[in-house]
Amino acid sequence: AEDVAVDADGAIYITGATSGGTVGGTPLSSIPTVSAFQSDPLGRLDAFVMKIDAKGEKLVYSTYLGGGGSTFDSGNEVGRAIAVDGTGRAYVIGYSSSEDYPLVHPLQLGTQAGPWDAFVTRLDTSGCAIGYSTLFGGGNTDDAFGLAVNAAENVYVVGDTASGDFPLVSPFQAAHRGGAAR
């Protein structure tokens, strides 16, 4: 588990990553899935999102979130942070190295731009559908670490990049200064 959030009713939301795939037909990971957008892991490391009721007695939903990969370095997702808006929709951010991470109404068209790209995904209140999901990044490594959602449902994301071509809009600092991510 990487992060936790609590909604106005006291329900608990958790995100993180779990080993995916199978060895000899046996799953490497077996997180329980309930009302899932994605019932099975697709990559070597998949993000997960869970919602637990306010009493801590019932798993409301639990889903994998990720894509697959054709190489050892691809097919990895980590959910780094989670936030919940006033209607109970979960927003998850992190990084992906999958060529087929699920995209719905993406801000940045196309597939993965660098070896790792940051992602932002909003699940609906049931956990079984994505409202929107996007990768963003440049030609190198990009990662998202923290987020906030305001009352108008604007999402604010912080992270790091090693990409000189990271997509910018009205930047405070317009040029990459050459530092490496991490």
Side-chain angles (χ1 to χ4, degrees), residues 1-18 20 31-43 45-54 58-68 75-114 116-138 142-161 166-169:
E2 292 276 336
D3 197 25
V4 64
V6 179
D7 69 17
D9 296 327
I12 303 159
Y13 299 75
I14 303 168
T15 192
T18 184
I31 66 166
T33 55
V34 175
S35 185
F37 164 74
Q38 181 180 327
S39 298
D40 297 308
L42 296 177
L45 190 65
D46 278 17
F48 68 86
V49 182
M50 293 181 173
K51 178 181 179 182
I52 302 168
D53 75 347
K58 179 183 173 194
L59 191 57
V60 178
Y61 67 75
S62 177
T63 186
Y64 291 99
L65 187 58
N76 297 299
E77 280 77 35
V78 174
R80 297 270 198 199
I82 191 165
V84 183
D85 68 19
T87 66
R89 294 181 295 203
Y91 298 75
V92 182
I93 57 109
Y95 74 82
S96 172
S97 68
S98 295
E99 300 160 359
D100 60 348
Y101 184 82
L103 302 176
V104 177
H105 309 298
L107 292 173
Q108 187 171 338
L109 298 177
T111 59
Q112 180 182 12
W116 294 353
D117 282 343
F119 71 79
V120 176
T121 300
R122 185 185 79 193
L123 293 171
D124 72 359
T125 57
S126 72
C128 64
I130 290 178
Y132 64 79
S133 183
T134 190
L135 293 172
F136 58 94
D142 309 293
D143 198 349
F145 290 103
L147 83 155
V149 179
N150 68 13
E153 298 173 8
N154 295 307
V155 178
Y156 301 87
V157 178
V158 296
D160 62 24
T161 182
F166 188 84
L168 303 172
V169 176

Within the 4.5 Å heavy-atom criterion, are [X] and [Y] side-chain neighbours or not?
X    : Y    : value
Y61  : T125 : no
L147 : V155 : yes
V60  : V34  : no
L123 : I130 : yes
P102 : F37  : yes

Under 3.5 Å, is there a donor-acceptor pair linking the side chains of [X] and [Y]?
X    : Y    : value
Y13  : D7   : yes
T161 : D142 : yes
Y91  : D85  : yes

Check: [X] side chain, [Y] main-chain N or O, donor-acceptor pair, under 3.5 Å:
X    : Y    : answer
D3   : I82  : yes
S62  : M50  : no
T134 : L107 : yes
T15  : F48  : yes
S97  : N76  : yes
E77  : G67  : yes
S98  : D100 : no

